[in-house]
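Atoms considered below: every heavy atom in the structure, side chains included; atoms not considered: hydrogens, waters and symmetry mates. In this text, all values refer to a predicted model and were calculated from it rather than measured experimentally.
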Amino acid sequence: MSGGLPPANFLPTVENKTSPEGTPPEDMVWIPGGEFSMGAADPTGADRNDVGMHATDDSRPVHRVYVDGFWMDRTEVTNRQFARFVKETGYVTVAEHAPRAEDFPGAPPENLAAGSVVFSPPHHPVPLDDHFHWWSYVKHADWRHPLGPDSSIEGKEQLPVVHVAYEDAVAYSMWAGKRLPTESEWEFAARGGLAGQAYPWGNEFRKDGRWMANTHQGHFPDLDTGEDSFAGLAPVAQFPPNGYGLYDVAGNVWEWVSDWYRPDYYADLMVRGGVARNPQGPVSSFDPAEPHERKRVQRGGSFLCTDQYCSRYMVGTRGKGDINTGTNHLGFRSVMAPSNKSS
């Protein structure tokens, strides 16, 4: 697929030409795989600022990667799909389990309650140097109660499931006969065949004046004006798909991938030289900002991303998260090898 000439440090994507035989798995699209340039392009437009440039810090240098072809969920996993999994298996998510006292020595017993992390916008502008201004641990928040115990997913079956820790996403994927994508698989798929573009659809944030993703408009974090038609989380597939037919690979919710997070991993691949073939990520996690936390990579950004603070809806950029922590802006989608059959 073409999208104009890529930047100098990006080479064209070379897609595999073979396609799998048989009937496509339900609600999945074929990602051909091939060789591509992985990493973040320079931000464009309003994202070409300190926020946008900082978002690329751990997604450089650009390097060549090859991935085999695979099937990928067309959308993020929805509440409806996750509810079926829970109904059939009786699965209980991490957020529904009370934290163990031995894992949090010294914590008051009343704080050891099941719950999860919820975006709680302040009623006025706040400094952006402390995310606790807008994030709160809410007791009994979970995938069924995304904003807290008095909230519900009734009538929201097509919204992405949220408050899923890494092991929850793995458990669902295994039940469905699938797995989580690697970071390189996710980026190959999200680029949709384009090379070196800032977004999954090209280099203009609003293509031909159209909103292309569910992101944050207004003043972050206190006011989302919903100019893209959604203030907060949106049902899946409300914005145009990318070149491979995938929806919401930018914005809406972050998505877990299987790689451990390290900010120096791309540099390590470059030192090894050549084309990295089906890389699985580093063998362990390390985040200098929180060296004792075990983190996996997250991709795609969310409804909270904005050029004022995050801008990681840019396709080559990376997120990260503690494997035991879910939030109401974090979900996932699964992949499958061409020989597998989903349940």
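Its side chain outside the 4.5 Å cluster rule for every partner, Val94 clusters with none of the Ile, Leu, Val, Met, Phe, Trp and Tyr residues. Through direct or relayed side-chain contacts under 4.5 Å between Ile, Leu, Val, Met, Phe, Trp and Tyr, Val118 connects to Val138, Leu147. Through side-chain heavy atoms spaced under 4.5 Å, either directly or across other Ile, Leu, Val, Met, Phe, Trp or Tyr residues, Met314 is tied to Tyr199, Trp201, Phe205, Trp211, Met212, Phe230, Phe239, Tyr313. Residue Phe132 is found outside any hydrophobic cluster, as its side-chain heavy atoms come under 4.5 Å of no other Ile, Leu, Val, Met, Phe, Trp or Tyr.
At distances below 3.5 Å, at least one donor-acceptor pair connects side-chain atoms of Asn278 with backbone N or O atoms of Asp68. Formation of a donor-acceptor pair under 3.5 Å by the Arg299 side chain with backbone atoms of Val315 is found in this model. Using modelled atom types, no side-chain atom of Glu255 and backbone atom of Val249 make a donor-acceptor pair closer than 3.5 Å. Judged purely by atom type and a 3.5 angstrom limit, Gln217 uses its side chain to pair as donor or acceptor with the backbone of Thr215. In this structure, Trp256 contributes its side chain and Val164 its backbone to a donor-acceptor pair below 3.5 Å. Looking only at distances, a side-chain donor or acceptor of Asn49 sits under 3.5 Å from a matching main-chain atom of Val51. Distance alone, capped at 3.5 Å, places no donor-acceptor pair between the Asn214 side chain and the Phe303 backbone. At least one donor-acceptor pair under 3.5 Å links the side chain of Thr44 to the backbone N or O of Asn203. A donor-acceptor pair is defined here as one N or O able to donate and one able to accept, closer than 3.5 Å; such a pair exists between the side chain of Gln308 and the backbone of Gly218. Using a distance-only test at 3.5 Å, with no hydrogens or angles considered, no donor-acceptor pair links the side chain of Asp259 to the main chain of Thr182.
The hydrophobic clustering, which links ILVMFWY residues whose side-chain heavy atoms are closer than 4.5 Å, places Met270 and Met38 apart. Val162 and Val86 fall into different hydrophobic clusters, where Ile, Leu, Val, Met, Phe, Trp and Tyr side chains are chained together by heavy-atom contacts under 4.5 Å. Residues Leu330 and Phe332 are members of one and the same hydrophobic cluster, defined by side-chain heavy-atom contacts under 4.5 angstrom among Ile, Leu, Val, Met, Phe, Trp and Tyr. Val62 is not connected to Tyr66 by any chain of hydrophobic side-chain contacts under 4.5 Å among Ile, Leu, Val, Met, Phe, Trp and Tyr, and they are in different clusters. Both Ile153 and Val77 sit in one connected hydrophobic cluster of ILVMFWY residues. Membership requires side-chain heavy atoms under 4.5 Å apart, directly or through other members.
Heavy-atom minimum distance, Asn328 versus Pro146: CB-O, 3.7 Å. Across Tyr247 and Pro241, no two heavy atoms sit closer than the pair CE2-CD, 3.6 Å. In this structure, Ala41 and Gly196 approach most closely via the heavy-atom pair CB-O, 3.4 Å. Across every non-hydrogen atom of Asp248 and Ala237, the tightest pair is OD2-N, 2.9 Å. Across all their heavy atoms, Phe36 and Ser184 have their closest contact at CZ-O, 3.6 Å. What you find for Trp71 and Pro20 is that their closest heavy atoms are CZ2-CG, 3.3 Å.
Checked by atom type, the side-chain pair Asp307/Tyr309 shows no donor-acceptor distance below 3.5 Å.
No side-chain heavy atom of Asp268 sits less than 4.5 Å from a side-chain heavy atom of Pro282. Proximity of Pro43 to Thr56: side-chain heavy atoms (C-beta onward) are separated by under 4.5 Å at one or more points. Counting heavy atoms from C-beta outward, Gln298 and Tyr261 have side chains that stay 4.5 Å or more apart. Residues Val161 and Asn79 are in side-chain contact: their nearest non-hydrogen atoms beyond the backbone lie under 4.5 Å apart. Pro221 places none of its side-chain heavy atoms less than 4.5 Å from the side chain of Leu304. Counting heavy atoms from C-beta outward, Asn324 and His97 have side chains that stay 4.5 Å or more apart.
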* **Gln81 vs Asp27, side-chain contact (heavy atoms from CB on, under 4.5 Å): CA-CA, chis, key distance, verdict** => CA-CA 11 Å; Gln81 293 168 316; Asp27 295 326; 4.3 Å; yes
* Asked: Passes side-chain contact (heavy atoms from CB on, under 4.5 Å), Glu96 versus Trp143? Steps please.
  -> CA-CA 9 Å; Glu96 296 171 280; Trp143 74 273; 3.5 Å; yes
* To do: Just do the side-chain contact (heavy atoms from CB on, under 4.5 Å) check on Leu246 and Arg333 with the steps written out, would you?
  => CA-CA 10 Å; Leu246 298 171; Arg333 75 179 77 208; 4.0 Å; yes
* To do: Take Asp142 and Arg144 through the test salt bridge (charged side-chain N to carboxylate O under 4.0 Å, His left out) and record every step on the way to the result.
  => CA-CA 5 Å; Asp142 55 48; Arg144 291 187 180 92; 5.6 Å; no
* Steps toward side-chain contact (heavy atoms from CB on, under 4.5 Å) verdict (Arg191, Thr13) -> CA-CA 10 Å; Arg191 288 192 174 279; Thr13 295; 5.6 Å; no
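A search for salt bridge (Lys or Arg N to Asp or Glu O under 4.0 Å) contacts involving Arg312 returns nothing, not counting sequence neighbours. Here Val335 pairs with Phe70, Met72, Arg179, Pro181, Glu185 under the side chain to side chain contact (heavy atoms under 4.5 Å, CB included) rule; sequence neighbours left out. For Glu227, there are no salt bridge (Lys or Arg N to Asp or Glu O under 4.0 Å) partners, not counting sequence neighbours. Applying the salt bridge (Lys or Arg N to Asp or Glu O under 4.0 Å) test to Asp42 and every residue at least two apart in sequence or in another chain returns Arg60. For Glu76, the salt bridge (Lys or Arg N to Asp or Glu O under 4.0 Å) criterion is met by no residue, not counting sequence neighbours.
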What side-chain donor-acceptor pairs closer than 3.5 Å can you find for residues 121-129, not counting sequence neighbours?
none

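Remark: Lys178 engages Asp73 in a salt bridge, criterion side-chain N to carboxylate O under 4.0 Å. Taking a cutoff of 4.0 Å between a charged side-chain nitrogen and a carboxylate oxygen, Glu293 and Lys295 do not qualify as a salt bridge.
More than 12 heavy atoms of other shown residues, nucleotides or ligands fall within 6.0 angstrom of atom CZ in Arg206. Atom CE of Met174 has 12 or fewer heavy atoms from other residues, nucleotides or ligands within 6.0 Å. Taking a 6.0 Å sphere around NE2 of His54, one finds it holds 12 or fewer heavy atoms contributed by other residues, nucleotides or ligands.
From Leu159, atom CG reaches atom OG1 of Thr78 across 9.0 Å, with rounding to the nearest 0.5 Å.
The side chain to side chain donor-acceptor pair (under 3.5 Å) pairs that include a residue from residues 152-174 are Arg80-Gln158, Tyr91-Asp168, Ser116-His163, Ser173-Ser334, where partners are two or more places apart or lie in different chains. Counting only residues at least two apart or in different chains, side chain to side chain donor-acceptor pair (under 3.5 Å) contacts with residues 130-140 comprise Ser120-Ser136.
Both cation-pi conditions hold for Arg318 and Tyr266: the charged atom is under 6.0 angstrom from the six-membered ring centre and inside a 45 degree cone around its axis.
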